[in-house]
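The structure appears below as structure tokens.
By convention in this document, chain letters (A, B, ...) are assigned in the order of the sequence lines, proteins followed by strands, and residues within each chain are numbered from 1.
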Amino acid sequence: MSQSRKILVGVAWPYANGEQHIGHIAGAYLPPDIFSRYQRMIGNEVLMVSGSDTHGTPVTVRAESEGSSPAAVVERFHTGFVESYLKLGLTFDLFTHTDTQNHWDVTQKMFSQHRDKGYIYNDTQQQLYDPQAQRFLPDRYVEGTCPFCASPEARGDQCDNCSRTYEATELKQPRSRITGNTSLEVRETEHFFLDLGKLQPLLKEWLQKEKSHWRPNVLNFSRTQVEQETLHGRPITRDLEWGISIPLEGYEDKRIYVWYDAVIGYFSAAIEWATLNDTPDKWREWWDPSVNPDARAYYFIGKDNIPFHAMMWPAMLLGYEGLNLPYDVPANEYLNMYGRKFSKSRGHIISIQGALERYQADAWRYALTAIAPEASDVDFTWDDFVERVNNELLANWGNLVNRVLGFANSRFKGSIPEPGPLDAKDQALLDEVKAGFQSVGDLYNAVKPKMALNEVRRLSQQANQYFHEKEPWKTIKTDPQLAATTIYVAVQAIDWLKLLWAPILPHTSQQLHELLGYDGQLFGRQYTETVEDARGSHVVLRYDHSQAAGVWEPSTFQANQALRKPAPLFVKLDDDVAEQETERQNA
RNA sequence: CGCGGGGUGGAGCAGCCCGGUAGCUCGCGAGGCUCAUAACCUCGAGGUCCUAGGUUCAAAUCCUAGCCCCGCAACCA
């Protein structure tokens, strides 16, 4: 076993202005959990962090339309995320949010540091101003007539009709969404900008280093941008009241722009985690190269986030100095549904909460991994979901477990005798499954969960073939010792497959672990906690791995170990699930 | 306009970097088994590898042009 490595797993920060759907899960939330569980099983120390992104105009727009406060909107969706992740088994060492004192402090410190080092400059921008409301209007607060297609329902930055983008100041007949005022002014406003042009050489140098393990969509995009384009400064402040304030006098009416503070969350969350554990400097083992140069940082995101994680955030880290840069950014493409993007406003959505109420967490984990959009957009359909669960997961793996344990239970009273000498077929199966710890492990490690799934399924099928060929239901009548050996070998194979499946199917692997007569937990414990700080209190989701017993190596199944009474691991889905769900959708 | 990803039997994907008789899962057809949640095992049918050129003895794989889908395109990360 290799020596322990520190691995930071950053997960895209969900925006606290709406529910998440299964596309988010398949793209950016499940893959890091599978990766992290595997890494922990091989003995690496994982720090998996994320949190709700609480700032930005969509939150304030929503709050205003509901007549509530941004904090209330955040609270509602943040709590929802925590509940869903708990159910789905996403093992965040810390899932927090960005409206904490700690995050404010860290963000302001980074802002000051960037400014001291000359990576931040001031400039002015033209922006629409609503004299009635006495405030500048972010694009989200403006509607008007599209300058290209003359559609009267154009949004501030983009037209839904012709999908062209433009500056809000180009809109014809702009009107304020706050007051309805149509006599808006264009005013100059001063903002701070991150000087990406100045950081470009550093960024370029970093991107040119060995990155063959990066996915082509991420690597080609960011390299091309940095090598062929001139990066311009990007504003990092806005005229808002909701957000992190600027640590300078004279800018009380402005806030840090949400994109800048959100990515800093990966760093601030590690610090919060260390503080909560009463080991305030422990974060350095993942973040500070002078403390630990071998640490690796992975960022799991959707493709829309590539520029921010493969360019902006690295640039910010380079400017800050003394922090680890990303080792890999395994961005996924999109999961669509029946050929269209998920859309809350059009009711074209499967929310995680609903999904988990009606179907097993591991069923989702399996199905969403099997169709993970690793290379291109992928389409979700309910028929496909049912087929995956019933005909692959349940028929191949669930049934293998059920037939073997059922046989052991009925013919050997739940206790498997000592095996006799192994023949070539016995040995071949054990060798093959044992080799899975290498082949499957390599795939998990390379962030290819879909291929890992296929490989484990193949091994599970081998076990089915083995069982079929050995015909223990016949040999039990003629040569009970031979049947006992077959069952022993099959159970040993299942015991290993349980571990190979565990990163994808943690809940049912745990069930199987217990059915096989083991005690203890393969993985650690998830729990929530309420944290108080100067900005109020917030709920966090946490994970304690200290009692986990699951190890990535072939276990030795003891003969005569008392099996527990077998029960099916998976619920078979009705054929009419697709119809039911479609009706639910239309209801 | 530009940049990146994708376009492979009915469905979903792998192969493409490092050219050499097209592979996997599901579905479909036939047979077998009966331990198992009618699950499991075996065999089979089914493909202009987006289009048009080019390079080569040979191209899904390399080159050129075009078409289609998705994301980014400085402010909804």
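When heavy atoms are screened at a 4.0 angstrom cut-off, A:G233 is found touching base atoms of the nucleic acid.
Between B:rC62 and B:rC57, the two C1' atoms lie 16 Å apart (nearest whole Å). Here, B:rU64 and B:rA22 have their C1' atoms 25 Å apart, quoted to the whole Å. Separation of the C1' atoms belonging to B:rG47 and B:rA14 is 15 Å when rounded to the nearest angstrom. Here, B:rC68 and B:rA73 have their P atoms 22 Å apart, quoted to the whole Å. Taking atom P on both B:rA39 and B:rA30, the two are 16 Å apart, rounded to the nearest angstrom. Remark: the separation of the P atoms in B:rU42 and B:rA52 is 39 Å, to the nearest Å.
Within the structure, side chain to side chain donor-acceptor pair (under 3.5 Å) pairs that include any residue of residues 394-406 of chain A comprise A:N396-A:S460, A:R403-A:N464 (at least two apart or interchain). The salt bridge (charged side-chain N to carboxylate O under 4.0 Å, His left out) pairs that include a residue from residues 207-227 of chain A number zero, where partners must be two or more places apart or lie in different chains.
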Pairs under 3.5 angstrom, nitrogen or oxygen only, protein versus nucleotides 2-6 of chain B, please.
{"residue": "B:rG4", "atom": "O2'", "partner": "A:N217", "partner atom": "O", "Å": "3.2"}
{"residue": "B:rG5", "atom": "OP1", "partner": "A:N220", "partner atom": "ND2", "Å": "2.5"}
{"residue": "B:rG5", "atom": "O2'", "partner": "A:A375", "partner atom": "O", "Å": "3.0"}

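Considering only the side chain of A:V378, B:rC13 comes nearest among B:rA36, B:rC13, B:rG27. Nearest nucleotide to the side chain of A:P58, out of B:rC76, B:rC33, B:rG27: B:rC76. Comparing atom distances between the A:D53 side chain and each of B:rU37, B:rC26, B:rA77 picks out B:rA77 as nearest. The nucleotide whose nearest atom lies closest to any side-chain atom of A:I371 is, among B:rA36, B:rG12, B:rC35, B:rG12. The nucleotide whose nearest atom lies closest to any side-chain atom of A:E392 is, among B:rU34, B:rU25, B:rC76, B:rU25.
In this structure, the ring of A:F192 has its center less than 6.0 angstrom from the ring center of A:F111.
Across all strands shown, B:rA58 has no partner, as no Watson-Crick or G-U wobble contact with both distances under 3.5 Å is found. In a base pair of the Watson-Crick type (N1 to N3 plus N6-O4 or O6-N4) or a G-U wobble (N1-O2 and O6-N3), with each distance short of 3.5 Å, B:rG2 is matched with B:rC72. Nucleotide B:rG23 has B:rC13 as its partner under the Watson-Crick or G-U criteria, with both atom distances under 3.5 Å.
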A:D328 vs A:H213, test: side-chain hydrogen bond (donor to acceptor under 3.5 Å, both in side chains). Steps then yes/no.
CA-CA 7 Å; A:D328 195 6; A:H213 56 288; 4.8 Å; no
What verdict does the side chain to side chain contact (heavy atoms under 4.5 Å, CB included) test give for A:N122 and A:F193, after you've listed the backbone C-alpha separation in whole Å, the side-chain angles of each residue and the deciding distance to 0.1 Å?
CA-CA 6 Å; A:N122 295 54; A:F193 289 70; over 6 Å; no
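Of the residues listed (A:T237, A:D123, A:T124), the one engaging A:H191 in a side-chain hydrogen bond (donor to acceptor under 3.5 Å, both in side chains) is A:T237, and it is the only one. When each of A:Y266, A:F300, A:Y298 is paired with A:H309, the ring pair (Phe, Tyr, Trp, His ring centres under 6.0 Å) condition holds for A:Y266 and for no other. With respect to A:H103, the side chain to side chain contact (heavy atoms under 4.5 Å, CB included) criterion is satisfied by exactly one of A:T98, A:T96, A:T54: A:T98.
Looking at which nucleotide of RNA chain B each of A:A567 and A:R234 is closest to, the 5′-most match is held by A:A567. Between A:L569 and A:P235, it is A:L569 whose nearest contact on RNA chain B lies nearer the 5' terminus.
With sequence neighbours excluded, the residues satisfying ring-ring contact (aromatic ring centres under 6.0 Å, His included) with A:Y129 are A:F136. In terms of the side chain to side chain donor-acceptor pair (under 3.5 Å) criterion, A:Q465 has no residue partners (sequence neighbours excluded).
Rounded to whole Å, atom P of B:rA77 lies 20 Å from atom CG of A:N332. Taking atom CZ on A:R215 and atom P on B:rC17, their separation rounds to 20 Å, with Å as the unit.
The side chain of A:K470 places no N or O atom within less than 4.0 Å of a non-bridging phosphate oxygen (OP1 or OP2) of B:rC35.
Between A:W473 and B:rC35, a base-stacking contact is recorded: ring centres under 5.5 Å apart, planes less than 30° from parallel.
Summarising the geometry, atom CG belonging to A:L196 is positioned 9.5 Å from atom CE belonging to A:M316; distances are rounded to the nearest 0.5 Å.
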Just by protein heavy atoms under 4.0 Å, how would nucleotides 39-48 of chain B read 5' to 3' in B, S and -?
SSSS------
